[in-house]
2 protein chains.
Amino acid sequence: MQNRSEELVHELGRKIVNGEYLPGEILPKAEVLSEMHGVSRTVVREALKGLATRKLIRSNQRSGTSVLPRAMWQWWDIDVLTWIIEDENNSDFILHLTDVRLGLEPMAAALAAKRATDQDHVKIKACFEKLEQSVGDERAWAKADFEFHQSILHASYNDLMIGTIQSLHKALIISREKTFHAVKEYADPTFDSPTKEVLDRHRAIYEAVLARDEDLARQKMTDLILRVKRLLEEIYVS
Amino acid sequence: MQNRSEELVHELGRKIVNGEYLPGEILPKAEVLSEMHGVSRTVVREALKGLATRKLIRSNQRSGTSVLPRAMWQWWDIDVLTWIIEDENNSDFILHLTDVRLGLEPMAAALAAKRATDQDHVKIKACFEKLEQSVGDERAWAKADFEFHQSILHASYNDLMIGTIQSLHKALIISREKTFHAVKEYADPTFDSPTKEVLDRHRAIYEAVLARDEDLARQKMTDLILRVKRLLEEIYVS
DNA sequence: AATTATTTGTCCGTATGTATG
DNA sequence: CCATACATACGGACAAATAAT
């Protein structure tokens with residue numbers, strides 16, 4: 001945390017997400033918040049601005065600042081994602097994320113198959129070979145896996161898609177860190193495991209992209225994420 | 001615009017998006033911005049907080065406030081979307097949006113087919129009948145169309161998906177307002193037109209969702225958006 | 001319909017913190 | 001280690017909007 005207003009943003013943001021302040025509720029007025037947290041009113045105002053930008057609250061003169069309904073929140077803000085994932089009440093949020101992932105990543109793969117330049121192909125090939133060499137090594141795999149997906153994502157040449165999927169991956173990493181200790185008995189399916197079988201799934205994607213076969217790339221990426229989804233459902237639904 | 005800091009956010013945000021301030025560049029210091037725009041430092045600071053939350057800038061003590069690379073921007077923030085769409089240099093952004101849409105909306109339709117309750121079915125049916133009655137009436141259709149898609153979206157029961165697609169639709173509306181006068185000779189394909197043929201496409205989606213046929217719902221929604229995409233490509237690529 | 005009370009919005013003067021050269 | 005230049009933080013005042021009376 002860099003400064004006091006950022007701190008306060010996190011503190012209040014967390015309380016809103018986990019329901020200590022409910023949608024529709026009025027927050028204590030700025031002066032009171034200032035006393036409650038031992039900071040100046042300036043800091044409180046800047047913190048509220050931060051939450052207002054994320055559409056968690058709205059300020060009105062005289063009537064105070066109220067919590068907005070969930071439907072208005074800026075879900076893709078990395079801090080909002082973090083607060084939601086860290087909140088115990090949203091343990092199934094990772095399943096919702098996976099459904100969005102299932103919509104976007106196969107599309108990104110299809111776009112990459114269509115638009116990748118020769119340079120992109122070289123890069124993707126290099127990343128896949130790194131992946132091949134990482135089978136069995138948990139740490140090396142995690143890094144190579146990230147970069148492999150990144151190389152394909154970049155070749156989609158769609159900034160909006162890239163930004164969204166990057167946020168999505170960040171959220172998965174946060175979720176992973178959180179469940180790492182909690183669910184030791186299961187391997188965390190959020191990220192791919194460094195086995196031969198999973199490598200072959202990546203190979204299928206890799207080959208489809210290089211072959212410029214959009215539909216196949218889409219299909220193989222779907223297969224990969226569906227496998228994750230099924231493992232997640234085993235854990236959470238049961 | 002509600003207050004001066006919001007105004008300033010828009011003014012600076014626009015300048016960053018359209019390249020008047022480039023990534024890496026250092027903004028004038030708070031005191032100077034304050035003079036330039038005739039507002040106090042407090043207002044400037046709150047505005048900068050707003051831009052920092054959107055990841056357009058980052059403030060550092062001593063080195064000043066710099067513009068962040070596009071890859072870090074919060075693309076789904078409605079204001080960022082607005083600035084990008086309004087900027088002439090991003091006229092093809094709507095195509096990028098459509099690709100994302102093509103990933104998400106068919107997935108949402110599939111989820112709706114899977115998860116819709118009986119109540120949802122009633123709602124969706126009512127919305128479709130409104131749509132049927134609106135054929136030929138541009139204004140009535142636009143409203144009914146919006147609500148039809150909304151009713152299906154809601155039945156996906158995925159807050160993240162709902163929030164994202166809602167932002168997407170808002171962006172399409174903004175884009176429509178912008179191109180409305182600019183491209184008179186073409187009908188704007190961003191939204192569906194109130195013809196019998198398009199109605200039938202909606203009917204196919206509607207029937208698939210009520211029949212709880214996930215794959216068919218996905219497919220029919222894909223068909224609908226692909227039609228839009230092709231029309232858009234005719235306009236922008238040529 | 002006018003007045004008042006309450007809360008956010010705005011301003012400014014000053015002081016402190018922090019990274020850079 | 002010092003000087004500089006910037007952001008960060010504080011407090012007290014007044015303005016503006018709007019809900020309640």
Side-chain angles (χ1 to χ4, degrees), chain A residues 1-13 15-16 20-69 72-74 79, chain B residues 1-13 15-16 20-69 72-74 77-79:
Chain A
M1 243 111 296
Q2 303 248 348
N3 49 43
R4 302 211 197 195
S5 64
E6 288 291 303
E7 273 181 61
L8 189 50
V9 164
H10 277 76
E11 210 170 323
L12 294 175
K15 286 189 181 178
I16 290 172
E20 280 185 62
Y21 294 120
L22 290 170
E25 196 171 337
I26 305 288
L27 295 185
K29 67 175 178 178
E31 226 166 347
V32 175
L33 283 173
S34 146
E35 275 199 17
M36 284 171 60
H37 297 88
V39 294
S40 71
R41 206 170 82 100
T42 312
V43 168
V44 170
R45 285 188 53 74
E46 288 183 7
L48 293 182
K49 265 284 180 275
L51 295 173
T53 302
R54 293 173 172 88
K55 303 272 194 304
L56 296 193
I57 62 172
R58 164 170 300 156
S59 295
N60 292 304
Q61 286 178 182
R62 162 75 198 200
S63 48
T65 85
S66 56
V67 178
L68 292 173
M72 307 191 68
W73 296 356
Q74 288 273 173
D79 295 316
Chain B
M1 241 112 293
Q2 304 251 351
N3 50 42
R4 302 211 201 195
S5 62
E6 288 291 305
E7 272 181 64
L8 190 50
V9 164
H10 278 75
E11 209 171 321
L12 294 175
K15 286 190 182 178
I16 290 172
E20 281 185 61
Y21 293 121
L22 291 169
E25 196 172 337
I26 305 289
L27 295 184
K29 67 174 177 176
E31 218 165 352
V32 174
L33 283 173
S34 145
E35 276 200 16
M36 284 171 60
H37 297 87
V39 294
S40 71
R41 282 198 329 279
T42 312
V43 169
V44 170
R45 282 186 57 74
E46 288 183 7
L48 293 182
K49 265 280 180 280
L51 295 173
T53 302
R54 293 172 172 91
K55 303 271 194 302
L56 296 193
I57 62 172
R58 165 168 299 157
S59 295
N60 291 304
Q61 286 176 175
R62 164 74 194 187
S63 49
T65 301
S66 57
V67 178
L68 292 173
M72 307 192 68
W73 295 358
Q74 288 273 176
D77 178 274
I78 189 61
D79 296 316

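Letters A, B, ... are given to chains in the order of the sequence lines, protein chains preceding strands, and every chain is numbered from 1.
The distance from atom CG of B/Leu8 to atom P of C/dG9 is 15 Å, rounded to the nearest whole Å. For the pair A/Leu27 CG and C/dT8 P, the interatomic distance rounds to 9 Å; values are reported in whole Å. We find that CZ of A/Arg45 is positioned 14 Å from C1' of D/dG11, with the value rounded to whole Å. Rounding to whole angstrom units, CZ of residue B/Arg4 and C1' of D/dA17 are separated by 14 Å. Rounded to an integer number of Å, the gap from CD of B/Glu7 to P of C/dG9 is 14 Å. Distance, B/Glu6 CD to D/dA17 P: 15 Å, rounded to whole Å. We find that CD1 of B/Ile26 is positioned 12 Å from C1' of D/dA5, with the value rounded to whole Å. For the pair B/Leu48 CG and D/dA7 P, the computed distance is 8 Å after rounding to whole Å.
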Only distances under 3.5 Å count here; give the side-chain donor-acceptor pairs of residues 60-67 of chain A to other protein atoms, sequence neighbours excluded, each with its distance to 0.1 Å.
none

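Residue B/Asp77 comes nearest to B/Asp79 through the heavy atom pair OD1-N, 2.8 Å, listed as atom of the first residue, atom of the second, then distance. Across every non-hydrogen atom of A/Met72 and A/Leu68, the tightest pair is SD-CD2, 4.2 Å.
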Fill in the blank from the handout: With B for base contact, S for sugar-phosphate-only contact and - for none (protein heavy atoms under 4.0 Å), nucleotides 13-21 of chain C reads BB--BSBB-
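Between B/Asn60 and D/dA7 there is no side-chain polar atom (N or O) within less than 4.0 angstrom of OP1 or OP2. Phosphate proximity of C/dT8 to A/Arg58: absent, as no side-chain N or O sits under 4.0 Å from OP1 or OP2.
Under the ring pair (Phe, Tyr, Trp, His ring centres under 6.0 Å) criterion, B/His37 pairs with no residue at all, not counting sequence neighbours. Applying the side-chain contact (heavy atoms from CB on, under 4.5 Å) test to A/Glu35 and every residue at least two apart in sequence or in another chain returns nothing. Under the rule for a side-chain contact (heavy atoms from CB on, under 4.5 Å), the partners of A/Met36 that lie at least two apart in sequence or sit in another chain are A/Tyr21, A/Pro28, A/Val32, A/Leu33.
Contacts classified as salt bridge (charged side-chain N to carboxylate O under 4.0 Å, His left out) and involving residues 36-45 of chain B (residues at least two apart or in different chains) are given here: A/Glu46-B/Arg45.
Listed candidates were D/dA9, D/dA7, C/dT8. Nearest to the side chain of A/Lys29 is C/dT8.
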